[in-house]
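A quick write-up on the structure given underneath.
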Amino acid sequence: MTFKAIVIDIDGTITHRDRKLSLNAAAKLRTLDIPVVIATGNVLCYAKAAAKLVGVCCNIIAENGGVIVDGFDNEPIVSDVIHECEEAYEFLSSEFNMEKLDSVHRKTEIVLRNNFDVEEARVILGTHFPNVEIIDTHFAIHIKSKTINKGTGLLKMAELMGLETTDFVAIGDSINDLEMLQEAGFAVAVGNADDFLKDIADYVSEASYGDGTVEALAYLQSSNLI
Ligand SMILES: O=C(O)COP(=O)(O)O
Ligand SMILES: [Mg+2]
């Protein structure tokens with residue numbers, strides 16, 4: 001079995017802990033001769049710039065699956081889910097002191113600074129907004145629709161690329177990568193990943209952050225899996 005494409009997270013997977021790009025990971029990704037799809041919780045313009053600079057432009061799953069584009073100049077597909085997230089945010093912000101991040105460019109979810117009691121907010125949200133969830137990626141807090149995630153994004157992207165999701169190797173580090181790793185044909189968790197991600201991964205790298213990605217890609221190449 002040879003996989004036909006890679007889908008890879010940004011923060012914590014091709015970056016260091018401080019979000020600076022891992023030059024080792026970028027260099028390794030550039031050498032691959034199969035398509036590399038960026039899948040991130042970040043907004044599309046950030047992901048596009050990252051993809052261009054890494055050199056894997058430009059099939060992108062942004063906003064945790066809410067925004068998808070296949071090609072730099074193509075019109076993105078944007079899920080119509082922001083209203084329920086806005087309503088949940090309005091409701092919660094009367095109870096908690098919340099600070100929105102990236103709100104100018106974000107189209108499908110709300111991102112917040114991690115300065116409030118997420119667990120308590122989750123309990124309140126659960127009873128009033130059953131279709132909305134709060135996730136913590138260790139880089140930001142997202143109020144998002146339960147109906148979309150990087151896994152549903154991968155399904156759409158695979159269709160756009162004429163592939164199956166099982167043709168992909170998925171690489172990630174955190175809760176927002178879970179469905180994408182479950183959907184892909186081969187799942188990689190980098191060494192810094194959350195334990196529940198490592199538990200479902202087919203390969204867990206010894207190394208962390210970008211060096212973990214380099215290690216995993218070298219393993220896949222030496223095993224003739226890509
Ligand atoms: O947006 C986040 O919270 C994390 O971003 P990532 O999905 O690229 O790791
Ligand atoms: Mg990440």
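What you are looking at is a predicted structure, and each value in this text was computed from that prediction instead of being measured. In listed order, ligands and their atoms are each counted from 1.
- Ranking the protein heavy atoms by distance from atom 9 (O) of ligand 1 puts Asp9 OD1, 2.7 Å first.
- Of all atoms in ligand 1, listed by their number and element, those nearer than 4.0 Å to a heavy atom of His142 are 1 (O), 2 (C), 3 (O).
- Closest N/O/S atom of Asp173 to the Mg ion (ligand 2): OD1.
- Interface of Ala140 with ligand 1, defined as ligand atoms under 4.0 Å from a residue heavy atom, comprises 3 (O).
- Remark: ligand 1 and Ala39 share no N or O pair separated by less than 3.5 Å (distance only, no angle test).
- Between Asn176 and Asn149, the closest side-chain pair of non-hydrogen atoms is not below 4.5 Å.
- The residues Lys144 and Glu133 are annotated as salt-bridged, a charged nitrogen and a carboxylate oxygen being separated by less than 4.0 angstrom.
- Looking at Asn176 against ligand 1, only its side chain comes within 4.0 Å, counting heavy atoms.
- In this pair, Phe3 and Phe186 present their aromatic rings tilted. The plane angle is within the 30 to 60° band.
- On a distance-only criterion, Asn64 and ligand 1 share no N/O pair closer than 3.5 Å.
- Asn97 and Arg113 share no donor-acceptor pair across their side chains, judged by distance under 3.5 Å alone.
- Side-chain atoms of Tyr203 and Val169, non-hydrogen and from C-beta on, never get closer than 4.5 Å to each other.
- In this structure, Val37 and Leu154 have side chains that are not in contact, with every pair of non-hydrogen atoms separated by 4.5 Å or more.
- The atoms of ligand 1 that sit less than 4.0 Å from any heavy atom of Thr40 are 5 (O), 6 (P), 7 (O), 8 (O).
- The closest heavy-atom contact to atom 3 (O) of ligand 1, among the options Asn114, Ile141, Asp11, Thr137, comes from Thr137.
- Close approach of ligand 1 to Ile10 is summarised as follows: ligand atoms under 4.0 Å from at least one heavy atom of the residue are 8 (O).
- Near Asn42, meaning under 4.0 Å from any of its heavy atoms, are these atoms of ligand 1: 1 (O), 5 (O), 8 (O).
- Within the 4.0 Å heavy-atom cutoff, His138 does not count among the residues contacting ligand 1.
- At a cut-off of 2.8 Å, Asp177 is not counted among the residues with an N, O or S atom near the Mg ion (ligand 2).
- Expressed to the nearest 0.5 Å, how far OG of Ser174 lies from CG of Asp194 amounts to 5.5 Å.
- Using a 4.5 Å cut-off between side-chain heavy atoms of Ile, Leu, Val, Met, Phe, Trp and Tyr, with links allowed through other members, Met180 and Ile200 fall into the same hydrophobic cluster.
- A donor-acceptor contact closer than 3.5 angstrom is absent between the side chains of Asp70 and Asn59.
- For Asp11, the N, O or S atom closest to the Mg ion (ligand 2) goes by the atom name O.
- Lys28 and Gln221 are linked by a side-chain donor-acceptor pair at a separation below 3.5 angstrom, with hydrogens and angles left out of the test.
- When you scan the N, O or S atoms of Asp9 for the one nearest the Mg ion (ligand 2), you land on OD2.
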